[in-house]
Amino acid sequence: MSLFVLDTDILTLYLEGHALVRQRVDAHPRADLAITVMSVDEQLTGWYTLARQVRRPEDVSRAYDRLAEAVVFLAQWRILPYSQ
Amino acid sequence: MTFDDVLAAFLIDERTWGLEGQVLSRRRCPAGIMAEITRAEGGTIMQVAVLLEPVAGNGYRAIGTEGLTVGLSAEGATREEALDQLRKQVEARIAHGAEIRPLDVPVGPHPWSRFAGTLRDEPLLDAWKQAMEDYRRRLDEDPDAL
């Protein structure tokens, strides 16, 4: 069985709805796909940082909503640890 | 240990098996003994669930419910005989090339697929990407920055 590891850029394209990326990802069984804890770190840190940078209350709220969604999204994946 | 060694060992305790006075052969072995012999000879024993029910009138019926027993059934005057007949059918099926293989089947969309495209119209998308890029660059420049 081959294991396909998606990096942060591919994960981001998936969230943006990139058709080819989505097609490729969805074509593989769940057990063949993984992400790394580095992507988890980068995506969550991105929203976390943004929530502190933006000034408008609606943007702060939006950034926190996205942070919460990202936690749920990332938790669906098999996450490879830093040491692998 | 050979078939005969195991058989001899069981014959010593033949009363336990209710086989006193009987001449055993491999084909006539009850399933329990057969399993022990197969084990002793280095074979593999796999237990499968079987539906065993009384037949109206007399006897019992053993019906396969999983794996190599699916679609098979056998009757016997006793529970043991019904099971033994079913086991022989399984053995015949294996001898004719039957085997169990794993098969991947789609079980619906990936759990993460509902998130695909959720950031397509996100106003903060570019700022988020920039925040990730800045973070990545900081770590690249100084891994001890955290």
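In what follows, every chain begins at residue 1, and chains take the letters A, B, ... in the order their sequences are listed.
Within a 6.0 Å sphere centred on CZ of B/Arg79, other residues, nucleotides and ligands contribute 12 heavy atoms or fewer. Atom CZ of B/Arg137 has more than 12 heavy atoms from other residues, nucleotides or ligands within 6.0 Å.
With hydrogens and angles ignored, the 3.5 Å screen pairs no side-chain donor or acceptor of B/His110 with any backbone N or O of A/Pro29.
When heavy atoms are compared at a cutoff of 4.5 Å, A/His18 does not approach chain B at all. Both the backbone and the side chain of A/Arg30 come within contact range of chain B, each with at least one heavy atom under 4.5 Å from a heavy atom of that chain. With a threshold of 4.5 angstrom between heavy atoms, A/Leu33 approaches chain B through side-chain atoms but not through N, CA, C or O. Residue A/Val21: no heavy atom, backbone or side chain, is found under 4.5 Å from chain B. Within the 4.5 angstrom heavy-atom criterion, atoms from both the backbone and the side chain of A/Ala63 approach chain B.
Between atom OG of residue B/Ser113 and atom CZ of residue A/Phe73 there is a gap of 10.0 Å, rounded to the nearest 0.5 Å. To the nearest 0.5 Å, the span separating CH2 on B/Trp112 from CG on A/Leu6 amounts to 8.0 Å.
Put simply, the side chain of B/Arg136 reaches to within 4.5 Å of the side chain of A/Thr8, judged on heavy atoms.
Taking chain B as the reference chain and counting heavy-atom pairs below 4.5 Å, the highest number among A/Gln43, A/Arg22, A/His28 is found for A/Gln43.
Remark: A/Leu44 engages A/Val40, A/Leu67, A/Ala70, A/Val71, A/Leu74 in a side chain to side chain contact (heavy atoms under 4.5 Å, CB included) (not counting sequence neighbours).
A/Tyr48 and B/Leu139 fall into different hydrophobic clusters, where Ile, Leu, Val, Met, Phe, Trp and Tyr residues are linked whenever their side-chain heavy atoms come under 4.5 Å apart, directly or through other members. Follow the hydrophobic side-chain contacts under 4.5 Å out from A/Leu20 and you never reach A/Val25; the two are in separate clusters. Follow the hydrophobic side-chain contacts under 4.5 Å out from B/Leu51 and you never reach B/Leu83; the two are in separate clusters. Cluster annotation: B/Tyr60 and B/Ile63 are assigned to distinct hydrophobic clusters (Ile/Leu/Val/Met/Phe/Trp/Tyr, side-chain heavy-atom contacts under 4.5 Å, transitive). B/Val70 and B/Val48 fall into different hydrophobic clusters, where Ile, Leu, Val, Met, Phe, Trp and Tyr are joined by side-chain heavy atoms under 4.5 Å apart, directly or via other members.
Contacts of residues 114-134 of chain B with chain A at a heavy-atom distance below 4.5 Å involve B/Arg114, B/Phe115, B/Ala116, B/Gly117, B/Thr118, B/Leu119, B/Arg120, B/Glu122, B/Pro123, B/Leu124, B/Leu125, B/Ala127, B/Trp128, B/Lys129, B/Ala131, B/Met132, listed in sequence order.
Listed here is the closest heavy atom pair of B/Pro111 and A/Gln76: CB-OE1, 3.3 Å.
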